Chemist: 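I have a structure I would like to understand better, so I am pasting it below and will then ask my questions one at a time.
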Amino acid sequence: MTQRRILVTAALPYANGDIHIGHLVEYIQTDIWVRFQKLRGQECRFFCADDTHGTAIMIRARQEGRSEEALIADVREKHIADFTGFHIEFDNYGSTNSEQNRKVCHEIWSALRDAGLVHEKEVTQLFDVQENTFLADRFVKGTCPKCKAPDQYGDNCDKCGSTYTPADLTDPISTLSNTTPEVRTANHLFVRIEDLHPFLEEWTQSGQHLQTEVANYLKGHFLGDPLRDWDISRPAPYFGFEIPDSPGNFWYVWFDAPIGYIASTLEWCEKTGADFDRWWRNPETEVHHFIGKDITYFHTLFWPAMLKTAGFNLPERVHIHGFLTVDGEKMSKSKGTFVKAATYLNHLDPACLRYYYASKLGPRLDDLDLNLEEFIQKVNSDLVGKVVNLASRSAKFVADTGLSDSYPDDGGLFEYAASRSETIAAAYEVCDFNGAMREVLALADRANKYWDDQKPWELKKDESRQAELQEICTIALNLFRQIIVYLTPVLPQLSEQTGELLNDPVTNWEQAQTPLTGTLVNKFQHLFKRIEEKQVQAMTDEAKAEAEATATEAAASEWNDTGDALTQEPMSAECTIDDFVKVDLRVARIVAANSVPEADKLLQLTLSLGGEERRNVFAGIKSAYNPEELVGRLVICCANLKPRKMRFGTSEGMVLASGPGGKDVFLLTPDEGAVPGQRVH
RNA sequence: GGGGCCGUAGCUCAAUCGGUUAGAGCAGCAAACUCAUAAUUUGUUGGUUGCAGGUUCGAGUCCUGCCGGCCCUACCA
């Protein structure tokens, strides 16, 4: 068989959040496929990177008061730790914010320009002045211009169903800053992808590169009409790469993100001295992308169009998978089913999830359900009960003797399992891991039955039949090892441990064809622990607690409260309740307010505490309030403050207000229902 | 609002191009066994294929409508 050269990518995780068990469906699936190819002896490399650009990252960095670079470096570290924890092994993990990516972006951009595909159009968008950014539709809320329903998003009304542009909204509000955005126009760059329509028609419909559902979807929804121009630029400010021949404009994140696949390869080539063109400009290299169904559009239309124009390898296959549900529902933070990779690893072995996903993944794009009860049952029953149990029940009988020197007659069991090799491999090849797991587990069933039929535990008692016992164990352990070879892409760690147990590491798929004989067998240690229900419970509990903590934080950050005020005027020393009750705070009504002409800052207020009780108070609020607007309103005053003689008269109390002074003075007002004279407790 | 995918046993999934009596695994039930991490082996229960129509000699599969779930939604379909 000639060696294939295969370049594999998984979608780039966005550097704006943690990896969770939903993401892992894709990374585990891809990693299994890559490990399978490598085990089969193919020249296979797996590239990924963090997707780091765009408005969301820019806004989050601002909110956290640090640079985008600091944010993405931080997230990158966490992402890599999560992937490592789940035994997901990349040949290179890059970043879209790298010099390599900038270089490849330039190259592809020049190609698009040279092909005459780029042109400029004016685009009108809302602009958030405070946040200094253009607003995507989802960042704008306002009142529907048709039905007047309040609180609708920028593109359509979910009350009356009418669609419009954000600029049509009555009273638009930026959800980023709660301020009113203004309408601004900017020049955007567009790619006329319609020029590649015939190519895309051919490429998507050839049956070679896409699942049929996907091909049909594209045919029915995009390819039947002229393809729309793709808006590929965003005006400053934007976190990304500035477009070289269009100063002030940046490439839209979806332009440079998939280019990250190529850039990550380039980075790897620079590190290892590999030949870049051999991987990306060579018809013998197969490029395989693994993605979720949500980003089909970008990977099956724009991406091939870009590659085609720039003369890179086209994807041999885009493998599209569905989404994860937990217990039949969308992952839910409040139910504790929104589980981060790191949270999972605090409680459970990554191999469990790898196996469970493998046992449920098929070649189609159906959603995958993580049923927590089934998860426990399946892992315990399949991996512990059937597979590992084979070693567990046989290894100790041959701890002293090792395996027989020649492979005994097993009635064709090993040969049969060896003959399943290509069927199992074919299932892996088309990502029918579910089918592959079924095949392998059927082999385990046969092996367990063989063991039961032979009843070796009876031989143990008969001194004269020890050779027979060794033979049965040799068979059982070889059938076990064969299964482990087949499971190596899914369970690399178990495979490694098995290699240690039998003193023969698993390095190649073909090892399933030849029995192992004459080696020593090490002392058996548990290769795998059963999942306890309480571990899963503890995991969901932690996920729930995490979600609650972040919800509280999010609620606070929604108001964009900074710590500035507190910093400028630090907290006073602690006081007792006794200290506090000495201060008699009362609700008061301002019944008269006059300017004090000779004073710069003071207004003279007459406060009523109800009945006949009056106070004359001089308040330093002249620069913030007009006397007329104060008359009649309720305020809070300190009523038992020792009267103080001032130049203009005696002040008999104090009106409560916050703010640094000058124009920034904010009087306290009690809520509706308060009446003058009430004490504030 | 528009659009896509899906709905088969208690659970998770099969079923070629429309073709015989809709199949597996897990769970459940019964038994055997005791080497093994309460593991294993044998037998077995379980179905009006979401609902209502239609096309056909024949429908899980094709068509229409409805119900439910998931997902997408770019100045668009």
Side-chain angles (χ1 to χ4, degrees), chain A residues 121-125 136-138 146 154-167 188 190 211 213-214 216-218 220-232 252 254 292-298 302 320 322-325 327-330 356 359-362 364-397 432 434-435 437-438 441-442 444-461 469 472-473 476 524-532:
Chain A
K121 271 197 278 184
E122 201 172 69
V123 169
T124 301
Q125 262 189 305
D137 294 354
R138 65 179 185 283
K146 298 256 170 55
D155 48 354
N156 68 69
C157 171
D158 61 47
K159 287 283 186 300
C160 72
S162 53
T163 59
Y164 39 80
T165 71
H188 283 223
F190 288 76
Q211 287 124 304
E213 307 97 292
V214 178
N216 292 342
Y217 161 72
L218 295 173
H221 293 275
F222 299 102
L223 296 166
D225 298 313
L227 294 163
R228 304 181 38 77
D229 294 345
W230 185 28
D231 184 352
I232 204 180
Y252 176 45
W254 264 111
K293 62 184 178 184
D294 53 331
I295 54 178
T296 297
Y297 177 72
F298 295 101
F302 295 123
I320 305 181
F323 282 83
L324 180 74
T325 54
D327 288 341
E329 293 176 27
K330 207 164 147 179
Y356 182 78
S359 76
K360 306 203 69 165
L361 275 164
R364 302 202 301 148
L365 19 50
D366 302 337
D367 288 348
L368 187 159
D369 185 52
L370 167 57
N371 179 306
L372 291 172
E373 203 173 311
E374 189 203 32
F375 169 67
I376 299 172
Q377 266 165 14
K378 200 166 183 61
V379 170
N380 287 348
S381 157
D382 290 2
L383 287 185
V384 181
K386 290 183 174 171
V387 176
V388 170
N389 191 227
L390 279 169
S392 179
R393 64 202 307 203
S394 60
K396 74 168 188 183
F397 292 129
D432 181 14
N434 162 29
M437 294 306 106
R438 256 181 236 198
L441 261 292
D445 285 344
R446 287 166 152 262
N448 274 307
K449 179 171 162 44
Y450 168 79
W451 182 266
D452 274 18
D453 289 346
Q454 300 300 314
K455 301 191 185 355
W457 52 92
E458 287 174 5
L459 299 182
K460 176 71 181 164
K461 297 165 193 157
L469 175 62
I472 293 167
C473 290
F524 181 80
Q525 294 165 335
H526 279 188
L527 299 171
F528 211 94
K529 284 210 186 78
R530 298 176 62 78
I531 303 179
E532 306 277 345

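Bear in mind that the values here come from a model prediction, so they are computed numbers and not experimental data. All chains are named by letter (A, B, ...) in the order of the sequence lines, taking the proteins before the strands, and each is independently numbered beginning at 1.
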Chemist: All N/O contacts under 3.5 Å from nucleotides 15-17 of chain B to the protein, with atom names and distances to one decimal?
Modeler:
none

Chemist: For nucleotides B:C71 and B:C26, find the distance between their C1' atoms and express it as a whole number of Å.
Modeler: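 About 28 Å, rounded to a whole number of Å.
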Chemist: For each nucleotide in nucleotides 30-39 of chain B, reading 5' to 3', give B when a protein heavy atom comes within less than 4.0 Å of its base, S when such contact involves only the sugar-phosphate, and - otherwise.
Modeler: ---SSBBB-S
Chemist: Whole Å only: how far is the NZ atom of A:K378 from the C1' atom of B:A24?
Modeler: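 Spelled out: NZ on A:K378 to C1' on B:A24 is 10 Å.
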Chemist: Taking only the P atom of each, what is the distance from B:G69 to B:A22 in whole angstrom?
Modeler: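 Roughly 31 Å separates the two P atoms.
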Chemist: With the criterion being N/O to N/O and under 3.5 Å, what pairs connect the protein with nucleotides 9-12 of chain B, and how long is each?
Modeler:
residue: B:C11; atom: O2'; partner: A:N371; partner atom: ND2; Å: 3.3
residue: B:U12; atom: O4'; partner: A:E374; partner atom: OE2; Å: 3.2
residue: B:U12; atom: O3'; partner: A:K360; partner atom: NZ; Å: 3.1
residue: B:U12; atom: O2'; partner: A:K360; partner atom: NZ; Å: 2.7

Chemist: Rounded off to whole Å, could you give me the CG-to-P distance for the A:D382 and B:C13 pair?
Modeler: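 Value for this atom pair: 15 Å.
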Chemist: Restricting to salt bridge (charged side-chain N to carboxylate O under 4.0 Å, His left out), what partner residues turn up for A:K461, sequence neighbours left out?
Modeler: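 With neighbours one apart ignored, the set is empty.
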Chemist: Quickly work out the A:I376 CD1 to B:G25 P distance and round it to whole Å.
Modeler: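 Taking CD1 of A:I376 and P of B:G25, I get 22 Å after rounding.
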Chemist: Answer yes or no: is there a donor N or O on one side and an acceptor on the other, between the side chain of A:D432 and the main chain of A:G362, under 3.5 Å?
Modeler: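 Judged by distance alone, no pair lies under 3.5 Å.
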Chemist: I'd like to check the salt bridge (charged side-chain N to carboxylate O under 4.0 Å, His left out) partners of A:D229; sequence neighbours left out, ordered by chain and number.
Modeler: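 By the salt bridge (charged side-chain N to carboxylate O under 4.0 Å, His left out) rule, A:D229 matches A:K121.
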Chemist: Do A:I295 and A:W254 come within less than 4.5 Å of each other through their side chains, counting heavy atoms only?
Modeler: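 The answer is yes; the side chains approach within 4.5 Å.
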Chemist: With RNA chain B as reference, determine whether A:F298 or A:D453 sits nearer its 5' end, using the nearest nucleotide of each.
Modeler: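 Result of the comparison: A:D453.
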Chemist: Would you please indicate if the ring centroids of A:F190 and A:W230 are separated by under 6.0 Å?
Modeler: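 Aromatic pair excluded; centres sit 6.0 Å or further apart.
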Chemist: Mind checking side-chain hydrogen bond (donor to acceptor under 3.5 Å, both in side chains) for A:K449 and listing every partner two or more places apart, or none if nothing turns up?
Modeler: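 With neighbours one apart ignored, the set is A:D453.
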Chemist: Residues in side-chain hydrogen bond (donor to acceptor under 3.5 Å, both in side chains) with A:E374, at least two apart?
Modeler: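 Partners of A:E374 under the side-chain hydrogen bond (donor to acceptor under 3.5 Å, both in side chains) test: A:Y356, A:K360.
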Chemist: Take atom P in B:U16 and the same atom in B:U21, then report the distance between them in whole Å.
Modeler: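 The answer is 15 Å between these two P atoms.
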Chemist: Who pairs with A:K386 by salt bridge (charged side-chain N to carboxylate O under 4.0 Å, His left out), at least two apart in sequence or on another chain?
Modeler: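 Checked A:K386 against salt bridge (charged side-chain N to carboxylate O under 4.0 Å, His left out); matches are A:D445.
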Chemist: What's the gap between B:C17 and B:G1 when it is taken at their P atoms, as a whole Å value?
Modeler: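 Each nucleotide's P atom is 36 Å from the other's.
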Chemist: Would you find more than 12 non-hydrogen atoms of other residues, nucleotides or ligands less than 6.0 Å from A:Q525 atom CD?
Modeler: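 No, not enclosed.
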Chemist: Taking the P atom of each, how far is B:U20 from B:G60, in whole Å?
Modeler: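 About 10 Å, rounded to a whole number of Å.
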Chemist: Do the ring planes of A:F397 and A:W451 sit parallel (below 30°), tilted (30 to 60°) or perpendicular (above 60°)?
Modeler: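 Aromatic pair A:F397/A:W451 classed parallel.
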Chemist: List the residues meeting salt bridge (charged side-chain N to carboxylate O under 4.0 Å, His left out) with A:D369, not counting sequence neighbours, and say none if there are none.
Modeler: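 Result, salt bridge (charged side-chain N to carboxylate O under 4.0 Å, His left out) vs A:D369: none returned.
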Chemist: Suppose we screen for side-chain contact (heavy atoms from CB on, under 4.5 Å). Which residues come up paired with A:A447, at least two apart in sequence or across chains?
Modeler: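 Listed in chain order: A:L390, A:L479.
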Chemist: Between B:A14 and B:G7, how far apart are the two P atoms, rounded to whole Å?
Modeler: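 The same atom, P, in both gives a distance of 8 Å.
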Chemist: To the nearest angstrom, how far is A:L227 atom CG from B:C75 atom P?
Modeler: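 About 16 Å, once rounded to whole Å.
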Chemist: Write down the atom of A:N380, the atom of A:I531, and the distance for their closest heavy-atom approach.
Modeler: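 For A:N380 and A:I531, the tightest heavy-atom pair comes out as OD1-N, 2.7 Å.
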Chemist: If I pick the P atom on B:A32 and the same atom on B:G47, what distance separates them, to the nearest angstrom?
Modeler: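 These two P atoms come out 28 Å apart once rounded.
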Chemist: Taking side-chain hydrogen bond (donor to acceptor under 3.5 Å, both in side chains) as the definition, give me every residue that meets it alongside A:R438, ordered by chain and number, with sequence neighbours left out.
Modeler: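 Applying side-chain hydrogen bond (donor to acceptor under 3.5 Å, both in side chains) to A:R438 gives A:N434.
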Chemist: Measuring from A:E532:CD to A:K529:NZ, what's the distance to the nearest 0.5 Å?
Modeler: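 Result: 10.0 Å between the selected atoms.
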Chemist: For A:N434, answer base if it contacts any base atom (sugar-phosphate contacts may also be present), sugar-phosphate if it contacts only those atoms, and nothing otherwise; contact means non-hydrogen atoms under 4.0 Å.
Modeler: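 Sugar-phosphate, no base atom in range.
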Chemist: In whole Å, measure the gap between the P atoms of B:C66 and B:G3 for me.
Modeler: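 These two P atoms come out 12 Å apart once rounded.
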Chemist: With Watson-Crick and G-U wobble geometry limited to distances under 3.5 Å, how should the secondary structure of RNA chain B be encoded in dot-bracket form, using | for bases paired to another strand and [ ] for crossing pairs?
Modeler: (((((((..((((.....[...)))).(((((.......))))).....(((((..]....))))))))))))....
Chemist: Taking atom C1' of B:U41 as reference, at what distance in whole Å does atom CG of A:L441 sit?
Modeler: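 Computing the A:L441:CG to B:U41:C1' distance gives 16 Å.
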Chemist: Check the distance between B:G43's P and A:D445's CG and give it to me in whole angstrom.
Modeler: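 Interatomic distance, CG of A:D445 to P of B:G43: 12 Å.
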